[in-house]
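Let me begin by presenting the structure, written as structure tokens, before commenting on it.
Quick note: numbers below take in every heavy atom, side chains included, and nothing from hydrogens, waters or symmetry partners.
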Amino acid sequence: HYKLSNNSKLEDGAPAIMCIHGFQGSTFSWRMVMESLGDTVTKVAGAGAALSYDRPPYGLSNRPTTWEGGNDNNPYTVAGGAKLGF
């Protein structure tokens, strides 16, 4: 799940600001700054976007109940969540 600022102008090659929440956070964590970030990137570059996304299994993203690879890939642990981040 991801959220774009209301004023985003997505165009090929346009810059984007990606907001990544911390452990147990969500796109809701960025609610107070998303519009300002979108305004800023659009003002400076003429187009662009501010976006935030929910890393699994937080926010409105999916919540897996099974996964391959044992606890090393468990998305509910810090180590598993770090693997999903990028």
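Residue Ile20 holds its CD1 atom at 12.0 Å from OG of Ser29, rounded to the nearest 0.5 Å. Interatomic distance, Ser26 OG to Arg31 CZ, rounded to the nearest 0.5 Å: 8.5 Å. With rounding to the nearest 0.5 Å, the separation of CG in Leu51 from OG1 in Thr27 is 11.0 Å.
Using modelled atom types, no side-chain atom of Trp30 and backbone atom of Val33 make a donor-acceptor pair closer than 3.5 Å. Between the side chain of Asn73 and the backbone N or O of Glu68 there is at least one donor-acceptor pair closer than 3.5 Å.
Between Ser5 and Gly38, the closest heavy-atom pair is OG-CA, 3.6 Å. Of all heavy-atom pairs between Gly48 and Val41, the closest is C-CG1, 3.9 Å. Minimum interatomic distance between Asn74 and Thr77 (heavy atoms only, all atoms of both residues): O-OG1, 2.9 Å. Closest non-hydrogen pair, Ala45 versus Pro15, comes out as CB-CG, 3.5 Å. What you find for Lys3 and Met34 is that their closest heavy atoms are O-CE, 3.6 Å.
At least one side-chain heavy atom of Leu37 sits under 4.5 Å from a side-chain heavy atom of Cys19. Side-chain contact between Met18 and Ser52 is absent, with no heavy atoms from C-beta onward closer than 4.5 Å.
Cluster annotation: Phe28 and Leu4 are assigned to distinct hydrophobic clusters (Ile/Leu/Val/Met/Phe/Trp/Tyr, side-chain heavy-atom contacts under 4.5 Å, transitive).
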